[in-house]
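Below you'll find the structure, written out as structure tokens, and then a few comments.
As the structure is a computational prediction, the values presented were derived from the model and not from experiment. The basis for the numbers below is simple: all heavy atoms, side chains too, and nothing from hydrogens, waters or symmetry mates.
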Amino acid sequence: MIDGSGPHHAHDPHSCESRRVRLETDILAKNNEYAARNRCYFAGRGILVLNLVSSPGSGKTTLLARTASDLKDTMPVSVIEGDQQTAMDADRIRATGVPAVQINTGKGCHLDARMVGCAVEKLEPESGSLLLIENVGNLVCPAGFDLGEAHKVAILSVTEGEDKPIKYPDMFHAADVMLLNKVDLLPYLDFDVEQCIAYAKRVNPDIEVIRISATKGDGLARWYDWIESRRPQQKEAREG
């Protein structure tokens, strides 16, 4: 007779939850070890590392290519690209004259610190340089994984909903700056900029917001000033 009860432990929701929490804790602990090694490496060489996160279609790769092209003559720049498949974005970055390494995560939805460490060994970024990491496009998983970066940079375009910051609060809470992209399209859209910024500030009162257009160039000078102000040697000069 089958009574449907089965072994008790096989259907114990508390047991499953306990194992899930322990597994997540183990994965994050291992990732944090790699992240600490990465951070030590970057700090020892004065490399500023920015982890760019967004949903697909925000204009992240366009911004990266524009940033790399505009800054490469003023500071050494290199890029790590993360996607599930293809090397199209890395090819696009290399076309600007900046070195780039592609990481394909397969079914993975985010980069982890070990992947970045391996990419850095191959890329060999110069001391005192800027290293930009384009994470896999989604606003959930990348929030929980420290890559050893100095800052997470959240990119949100005005073609998305202004309520993204409160729908995905972990990402905007983890970011130090939000780049509000595609502002040149605002005259054609029903997007409430002030409400979007208010939502972002609700989940992270300290987040800085910069309005930009990666294609038209609006606001990019302020973005580049923000990068320059975060470079390790500049920070030391201000504090010294």
Side-chain angles (χ1 to χ4, degrees), residues 20 23-35 37-39 42 49-69 77-96 98-125 130-161 164-165 167-182 212 214-215:
R20 187 178 68 82
L23 179 60
E24 289 181 355
T25 301
D26 290 345
I27 290 172
L28 289 175
K30 194 65 180 176
N31 180 78
N32 289 341
E33 289 179 17
Y34 283 113
R37 294 179 200 173
N38 291 347
R39 185 169 286 108
F42 298 141
V49 183
L50 304 180
N51 179 9
L52 276 66
V53 293
S54 77
S55 55
S58 67
K60 184 156 61 341
T61 308
T62 298
L63 173 66
L64 263 170
R66 179 74 182 258
T67 300
S69 182
V77 181
S78 56
V79 174
I80 295 174
E81 283 285 347
D83 274 312
Q84 289 190 316
Q85 299 291 341
T86 86
M88 295 172 67
D89 287 350
D91 291 341
R92 190 172 168 187
I93 296 297
R94 293 188 194 105
T96 69
V98 166
V101 168
Q102 180 77 45
I103 300 174
N104 287 137
T105 60
K107 295 184 181 299
C109 57
H110 61 86
L111 296 176
D112 64 35
R114 184 189 61 81
M115 296 174 185
V116 169
C118 293
V120 167
E121 287 183 6
K122 184 175 182 180
L123 193 58
E124 298 181 332
L130 170 67
L131 173 59
L132 301 169
I133 301 172
E134 180 173 6
N135 217 314
V136 179
N138 79 78
L139 287 173
V140 182
C141 308
F145 282 79
D146 181 5
L147 305 181
E149 75 273 25
H151 304 280
K152 281 185 174 63
V153 178
I155 302 161
L156 178 66
S157 73
V158 298
T159 54
E160 305 172 67
K164 282 284 181 67
K167 285 185 173 180
Y168 304 96
D170 288 349
M171 182 60 75
F172 292 88
H173 184 266
D176 293 307
V177 60
M178 179 177 83
L179 302 181
L180 190 58
N181 193 21
K182 305 184 184 181
I212 65 166
T215 55

Nearest non-hydrogen partners of G148 and F42, listed with the distance = O-CD1, 3.5 Å

Where S78 and P125 come nearest, the two heavy atoms and their spacing = OG-CB, 3.6 Å

key: N/O donor-acceptor pair under 3.5 Å between N31 side chain and A113 backbone   = yes

inquiry  = Here's one to test your reading of the geometry: is the NZ or CZ of R37 within 45 degrees of the ring axis of Y34 and under 6.0 Å from its centre?
reply    = yes

query = Will you find, in the side chains of T215 and R66, an N or O donor that is under 3.5 Å from an N or O acceptor?
reply = no

Heavy atoms from other residues, nucleotides or ligands near CZ of R114 exceed 12 (cutoff 6.0 Å) = no

task = State which residue, out of V158, I212, L63, fulfils the side chain to side chain contact (heavy atoms under 4.5 Å, CB included) condition with K182.
result = V158

task = Calculate, to the nearest 0.5 Å, the distance between atoms OG and CE belonging to S54 and M178 respectively.
result = 12.5 Å

ask   = Which is it for F145 and L111 under the side-chain contact (heavy atoms from CB on, under 4.5 Å) test, yes or no, and what are the steps along the way?
value = CA-CA 8 Å; F145 282 79; L111 296 176; over 6 Å; no

inquiry  = For H151, is the NE2 atom crowded, meaning more than 12 foreign heavy atoms sit under 6.0 Å from it?
reply    = yes

task = Check the side chains of N135 and N51 for a donor-acceptor pair under 3.5 angstrom, ignoring hydrogens and angles.
result = yes

Heavy-atom pair of closest approach, residues E149 and K152 = OE2-NZ, 2.7 Å

ask   = Distance from N104 atom CG to D83 atom CG, nearest 0.5 Å?
value = 7.0 Å

ask   = Do you know which two heavy atoms are closest between K164 and S55, and how far apart they sit?
value = NZ-OG, 3.8 Å

message = To the closest 0.5 Å, what do you measure between CG (L131) and CG (L123)?
response = 6.5 Å

query = Looking only at atom types and distance, does a side-chain atom of E160 sit under 3.5 Å from a main-chain N or O of S157, one as donor and one as acceptor?
reply = yes

ask   = Only one of V98, V49, L50 forms a side chain to side chain contact (heavy atoms under 4.5 Å, CB included) with L132, so which one is it?
value = L50

ask   = Under 3.5 Å, is there a donor-acceptor pair between the T61 and E134 side chains?
value = yes

request  = Evaluate the side-chain proximity of N181 to S58: yes if any heavy-atom separation is below 4.5 Å, no if none is.
outcome  = no

message = Do V140 and C109 have side chains that approach each other closer than 4.5 Å (heavy atoms only, starting at C-beta)?
response = no

message = Can you tell me how far apart CG (L147) and CD1 (I80) are? Round to the nearest 0.5 Å.
response = 8.5 Å

query = Is there a side-chain contact (heavy atoms from CB on, under 4.5 Å) between V120 and N38 once you walk through the steps?
reply = CA-CA 9 Å; V120 167; N38 291 347; 5.9 Å; no

ask   = Between S69 and T96, which heavy-atom pair has the shortest distance, and what is it?
value = CB-CB, 4.3 Å

note = OG1 (T67) and NZ (K60) are apart, to the nearest 0.5 Å, by 12.5 Å

query = So which heavy atom on F172 is nearest to which on P165, and how close?
reply = CD1-CA, 3.4 Å

inquiry  = Return the OG1 to NZ distance between T105 and K107, rounded to the nearest 0.5 Å.
reply    = 10.5 Å

key: Pair T62-R92, side-chain contact (heavy atoms from CB on, under 4.5 Å): steps then yes or no   = CA-CA 9 Å; T62 298; R92 190 172 168 187; 2.7 Å; yes

